[in-house]
Amino acid sequence: MTDILDDKQYTTLNLGPTHPATHGIFQNVLTLDGEQIIDAEQTIGYIHRAFEKIAEHRPFYQITPLTDRLNYCSSPINNIGWHQTVEKLLGVKTTKRIDYMRIILMELARITDHLVCNSVIGVDSGALTGFIYVFQEREKVYEIYEEVSGARLTTNMGRIGGFERDLSLKAVKKIREFLDHLPKVLHEFEKLLMRNRIFMDRTIGVGPISGERALNYGFTGPNLRAAGVDYDVRVMTPYSSYDDFEFIIPVGTQGDTYDRFCVRQQEIWESVKLVRNALENLPEGSFHLDVPQFYLPPKEAVYSKMEALIWHFKIVMGEIEVPVGEVYHSVEGGNGELGFYLVSDGGRTPFRLHFRRPGFIYYQAYPEMIRGGVLSDAILTMSSMNVIAGELDA
Amino acid sequence: MENSFIIDKLYKAFDQDILKMDTSSDVLSFIIASPVVHDVISFLKNDENMNFNFLTDLCGIHYPDRGLPLGVVYHLHNLTENKRIRIKTFVTMNEPKVSTVTDLFSSANWMERETFDFYGIIFEGHPNLKRILNVEYMDFFPLRKEYPLEDPTREDKDDRYFGR
Amino acid sequence: MLASFILVLSLLVAMYSTLIERKVAGWFQDRHGPNRAGPWGLLQPLADGAKLFFKEEFMPLSADKFLYILGPSLTMFIALLTSAAIPWGPDLIINGAAYPLQVADVNIGILYVFAILSIGVYGIMIGGWASNNKYALLGAVRASSQMISYELAMSLSIITIVMMTGSLSMREIVAQQQGFNWNIIYQPLGFLIFLICAFAETNRAPFDLPECETELVGGYHTEYSSMKLGFYLFAEYINMFISGAVMATLFLGGYHFPGLDKLGLSPNVFAFVSFMVLFTKITLFGFIYMWIRWTLPRFRYDQLMKLGWKSLIPLAILNVVVTGVVILLNQ
Amino acid sequence: MTFWERIYFPAILNGMRITFGHLFRRKTTVQYPEVKREFSDIYRGKHVLKRDDEGRERCTACGLCAVACPAEAITMVAAERKPGEEHLYREEKYATVYEINMLRCIFCGDCEEACPKEAIFLTKEIVKSEYERGKFIYGKAELVEPSDPARRIDISKRQTPEVLAFKKNKKFKHNK
Amino acid sequence: MQKETPKYNKSEPPEGYTAPGIFATTFDKVIGLARKNSIWPLPFATSCCGIEFMATMGAHYDLGRFGAERLSFSPRQADLLMVMGTIAKKMAPVIQQVYIQMAEPRWVLAVGACASSGGIFDTYSVLQGIDRVVPVDVYVPGCPPRPEQIIDGFMKVQELVANESLRRRYSAEYKELLEGYGILK
Amino acid sequence: MFTQYIFHFLSIMALFSAVMVLASKKPIHSVLFLTLTFFSIAGHYVLLNAQFLAVVHVIVYAGAIMVLFLFTVMLLNLNHDERSPKPMWVNIMAFIAGGMLMLTLIGIFRGYDIQSAQDPMTTQIGLVKNLGKILYHDYLIPFELSSVLFLTAMVGAVLLGKKEQI
């Protein structure tokens with residue numbers, strides 16, 4: 001009897017890749033003592049799609065649809081981040097109207113991203129209904145995307161140097177309706193979960209990480225802020241005129257699942273404010289830059305002017321004159337600092353394009369975060385980290 | 001923090017090993033000889049005046065035409081003063097070895113594995129250097145320029161019409 | 001005859017509970033729920049049943065063959081046993097002879113129900129273990145420890161009823177609650193504890209840890225397909241139905257409703273109406289089960305244990321003591 | 001946690017109140033096959049190869065759409081227009097074969113944007129699912145819009161007001 | 001161009017649908033009708049299409065109307081394998097394993113460009129369509145498909161299920177199809 | 001007589017499953033057979049008109065204790081272990097102990113006069129009320145003492161369990 005107790009029999013449990021809580025693609029081999037987690041080993045790469053290799057074979061504008069599929073919960077942020085990277089390389093500066101439109105769409109994207117993450121925490125803790133409530137709001141954002149770009153999820157939104165079309169009146173109306181209705185649903189969602197003791201017990205102190213370790217692990221975004229470090233690219237390195245607006249960066253203290261939930265929830269509220277502000281202060285002007293070398297000439301010109309037709313051909317063929325050089329540009333994506341490291345040798349495609357995918361970097365900390373917890377904790381920690389597979393595996 | 005301050009300090013500490021410096025780019029960047037790259041990053045992280053405590057990014061790059069074709073690019077970030085710096089190092093194809101920075105940054109673990117996976121750069125001292133995104137039995141390093149992008153098994157495409 | 005009627009009723013109720021559950025879930029979530037199979041989706045349970053029946057019988061290679069089959073059958077069997085002790089209504093008068101609407105008026109009815117409940121976990125444990133799957137095993141382990149823990153609090157909360165009524169017979173307990181003399185009025189805390197424990201004993205959310213989808217895939221029934229799975233799923237709904245009946249009988253006056261006996265109905269109509277009253281109460285409990293399930297997140301394993309041992313059992317003991325003191329003072 | 005949060009019930013009852021409120025609310029479900037949800041005017045669905053007002057195909061087989069396609073889903077074979085075919089093809093070159101592999105296509109809209117002849121547009125129609133993979137190669141039979149004026153597909157809402165204004169006032173160079 | 005018709009993968013048309021052969025007994029029809037209304041999907045959601053699948057399960061589209069909101073994550077209990085999202089070569093054995101674990105009768109729905117054909121990811125690491133590893137019954141185009149399209153594909157599957165003969169799964173053709181994929185049971 | 005048949009059936013089942021507890025290879029099967037034994041014994045109680053005892057027997061043994069056994073056996077996963085052959089002296093000791101128990105039993109039953117036993121159906125001793133009266137009137141002190149004993153045992157068990165972790 002004693003030897004059974006002494007050298008404990010650990011079970012290994014294969015969590016994923018088809019486990020419901022791993023959302024399809026992560027594999028975690030857990031070493032369990034009863035239900036307590038002794039260790040975990042991750043395998044990733046189950047949807048490795050070779051983004052970076054494709055990017056070396058595509059002209060700049062064709063990379064936009066690729067970025068859609070990085071963090072597909074918030075594709076406009078990726079699209080716009082990529083456009084800004086190219087704009088940085090080309091050395092063009094966008095106007096305020098473009099910036100503000102971008103802020104509106106990026107913050108809507110952030111709302112959708114956080115809504116998905118938080119509602120999935122609810123689902124994984126057993127409360128499905130809240131998820132369905134907030135997904136109805138997400139549908140409204142989809143409608144807005146559809147009105148702006150023509151697609152629901154993988155938006156392919158905007159162009160290098162602006163947008164392909166202006167915000168339509170219908171889109172603005174829909175955004176306003178959304179902004180008016182969202183708070184009600186958010187309040188309901190928060191009432192369902194936030195101060196419910198079952199949920200608090202499930203999440204407080206679960207999967208914690210200290211600010212110091214989080215930095216060392218390369219955490220960014222809400223996960224880092226939940227650990228108490230107020231690093232936000234939007235404030236630190238303002239892009240797209242974010243410095244015109246005032247907003248709070250919510251920070252947590254423990255870095256546990258509950259803090260991550262609350263930080264995301266708070267960021268949704270801040271994003272709502274940001275969208276509203278940007279929409280109220282939307283300046284007049286053109287929705288795209290007038291740079292015929294890079295931005296497709298207007299269609300009516302293509303149909304009638306030879307010069308415009310030539311530009312059109314050149315741009316579509318990808319034969320734009322790109323300076324040689326390298327840039328690093330980062331935006332605050334749904335999960336943190338989404339960076340684009342672009343090396344150009346002047347050719348029609350990037351020489352090298354590396355995406356700094358926040359999910360890929362911080363997901364390494366997962367074993368350390370769940371060690372000592374139980375199986376249920378591991379699942380909630382995973383969903384609260386909001387690791388998006390497209391971003392993880394690239 | 002001024003660029004000149006960093007440049008001064010770095011040159012004072014590693015005069016011989018800085019192969020190139022570039023201030024024209026958006027981020028101050030240095031090319032460092034590969035044997036000392038760990039020391040440089042350690043210095044940048046730990047020196048109290050530098051304090052680059054956040055490894056933003058680490059990735060590989062391949063210039064097939066150069067003498068030292070394989071490179072590793074580090075992006076470091078000083079979060080307190082919001083200063084970014086880019087460190088590059090290059091190695092040969094035959095002996096693609098760079099010492100790991102996992103002892104300084106836990107986040108480097110997977111990024112180095114990814115770089116190994118894509119470019120075959122060996123990070124000496126890495127605790128678990130094996131392929132991460134691709135299947136274990138893959139026998140080439142797909143992001144090197146000589147390897148094609150396409151899946152050779154694809155059948156429903158006719159390349160003649162695309163002019164690529 | 002009555003026994004087979006109750007059996008068929010339980011099965012029917014269980015069948016339609018699956019539909020109602022899905023419908024109610026839909027309504028809670030601003031959706032419609034199943035509505036394509038027949039009008040308002042009324043044929044949905046039949047479709048599910050037929051599909052399950054014609055699905056491939058799957059036996060994992062490494063499973064313990066006999067126990068693998070025994071598990072679901074046992075669960076179903078035990079779930080159906082309980083209904084025997086429940087009084088479904090007052091006596092039916094046929095040809096001058098009174099037929100009680102109860103399969104067996106055991107003088108220790110409560111204990112009988114309780115015994116059946118306590119062995120109900122065997123089916124789950126055996127099935128979970130025999131599948132030879134780690135998720136199933138974890139589910140089985142969770143189920144057993146959860147059952148044992150919550151049985152204690154449950155029995156302690158029943159003891160107060162026994163103390164008050166001085167009888168172990170269900171029929172007598174119901175008889176004492178005539179009018180509006182319901183036990184829930186005297187034993188609100190006991191009722192609450194019993195309700196919570198009933199959730200745990202039937203493995204319903206927020207205590208659905210043995211089969212919780214996001215953690216254990218399917219829990220104990222992960223490896224089951226076709227009708228064996230159907231048995232497990234059915235048994236859960238039968239258990240809900242029966243536990244609703246037990247709660248209604250013990251705390252909500254069974255088939256009594258205030259003022260019903262003063263209407264002067266003929267005995268058989270009265271029996272029928274009384275039965276409908278009981279059925280309505282059971283339906284109410286069924287609705288509460290679903291309501292809770294689609295509202296709350298679930299507990300974690302250790303929190304569930306903590307709640308059971310550190311909150312419910314002390315409360316139940318306190319309840320017993322207080323009840324004892326009150327009874328003593330009243331004598 | 002405050003005492004009220006500690007004893008579970010207020011939050012639970014509150015939650016139950018919320019869900020109960022939804023029980024009688026109007027359902028948001030759009031019963032899809034019978035009722036269709038409104039698509040945006042610029043939704044990027046199935047492609048159409050437009051004809052001009054006289055019923056001639058607009059496509060000139062320049063190949064820009066194929067180049068612009070990130071999925072490499074478009075294939076075309078160009079041919080010279082023969083005399084006597086002026087009523088069929090607007091330009092001197094036309095596509096004898098124009099195929100889009102709808103399974104490859106990601107509906108990004110780059111082809112529509114690349115087209116200099118306003119020939120290819122995406123429409124609000126969705127592409128139906130099929131049992132076989134081969135059926136997804138849409139040729140000209142599926143793509144070219146019907147020449148019957150009554151069954152033309154209206155794409156004017158996809159175009160910018162500038163283009164529409166331009167079309168009203170000016171003749172296209174290629175419309176001569 | 002005729003002689004250059006592209007070759008496609010071995011994805012037989014589901015013969016229950018094309019070959020009239022042996023069905024249409026009333027019993028088959030009744031069972032088909034029952035099965036049709038009780039398809040429990042196993043969502044194998046790997047990427048973007050998975051989010052659209054969530055939308056399909058959500059209140060606006062409500063796949064539950066078709067009796068399909070009971071997702072069964074255990075392959076044993078599932079009737080329909082819905083593959084949504086990119087399947088990399090690393091994932092291919094997993095998906096085949098899941099398919100093998102499913103109990104008969106089983107159907108496969110490939111949702112979205114990536115699962116059906118690889119989509120834009122024509123790369124060294126992505127499987128060019130899941131019909132290389134498992135037989136697919138219905139393909140849904142789109143990247144990602146709208147929920148309407150997913151429901152459309154789902155109804156196509158329903159049609160297939162309703163018309164399938166009970167004996168199809170024991171037929172020699174079916175065995176041959178499985179053997180072609182190296183799946184034997 | 002009908003009850004006779006039931007009695008025989010239950011007895012055979014009890015003996016058979018008791019033997020199977022020892023004979024079956026898998027520990028889980030042993031536990032389940034033990035449960036079956038308890039059920040047969042509970043059946044005997046019912047035959048003796050002691051329903052209360054029967055039900056309590058089921059609740060306590062089958063419902064609680066055996067579930068715990070099963071739980072432990074499942075967790076320990078003794079399925080695949082190779083039980084090492086016991087040393088010779090253990091077998092001899094077991095044989096002696098078992099033989100002595102058997103001798104004792106035979107001795108008891110030899111002196112037992114079956115005719116003097118009451119008809120089980122006429123006794124009301126097994127019913128709740130009578131049982132309660134006897135327990136709380138005639139045997140109050142032994143009853144309470146035994147409960148104290150159990151409490152002590154429980155405390156001891158908890159202490160032992162705690163010690164294991166230190």
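A note on names: the letters A, B, ... follow the listed sequences, proteins ahead of strands, and every chain is numbered from 1.
By the 6.0 Å contact criterion, NZ on A:K173 is open, its count of non-hydrogen atoms from other residues, nucleotides or ligands being 12 or less.
Residues E:I87 and A:I47 are not in side-chain contact: their nearest non-hydrogen atoms beyond the backbone lie 4.5 Å or more apart. Between A:R69 and E:T86, every side-chain heavy-atom pair lies at or beyond the 4.5 Å cut-off. Residues A:E146 and E:R146 meet the side-chain proximity criterion, which asks for heavy atoms closer than 4.5 Å. Looking at E:T123 and A:F51, their side chains never come closer than 4.5 Å, going by heavy atoms from C-beta outward. Between A:Y46 and E:V94 the shortest side-chain heavy-atom distance falls below 4.5 Å.
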**Request:** Evaluate salt bridge (charged side-chain N to carboxylate O under 4.0 Å, His left out) for E:E148 paired with A:R152, printing each intermediate quantity in order.
**Result:** CA-CA 12 Å; E:E148 277 94 346; A:R152 281 160 56 88; 5.6 Å; no

**E:E52 vs A:Y72, side-chain contact (heavy atoms from CB on, under 4.5 Å): CA-CA, chis, key distance, verdict** = CA-CA 10 Å; E:E52 280 298 62; A:Y72 36 76; over 6 Å; no

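Taking CD1 from A:I44 and NZ from E:K90, the interatomic distance works out to 7.0 Å, rounded to the nearest 0.5 Å. Taking OG from E:S125 and CG from A:D393, the interatomic distance works out to 9.5 Å, rounded to the nearest 0.5 Å. How far CZ of A:R49 is from CG of E:L127: 13.5 Å, rounded to the nearest 0.5 Å.
Interface residue A:T43: only side-chain heavy atoms are found under 4.5 Å from chain E. Residue contact with chain E, scored on non-hydrogen atoms closer than 4.5 Å, is absent for A:L128. For chain A, the nearby part of E:M57 is the backbone; its heavy atoms alone come within less than 4.5 Å.
In terms of heavy atoms, A:C73 sits closest to E:I51 at SG-CD1, 3.7 Å. Counting all heavy atoms, side chain and backbone alike, E:A88 lies closest to A:H48 at CB-O, 3.8 Å. When all heavy atoms of A:T154 and E:P144 are compared, the pair lying nearest together is OG1-CD, 3.1 Å. Nearest heavy-atom pair across A:P65 and E:I120 is O-CD1, 4.5 Å.
In this structure, a donor-acceptor pair under 3.5 Å is absent between the side chains of A:Y142 and E:H60.
Annotation: maximal heavy-atom pairing with chain A below 4.5 Å, among E:A55, E:G50, E:G58, occurs at E:A55.
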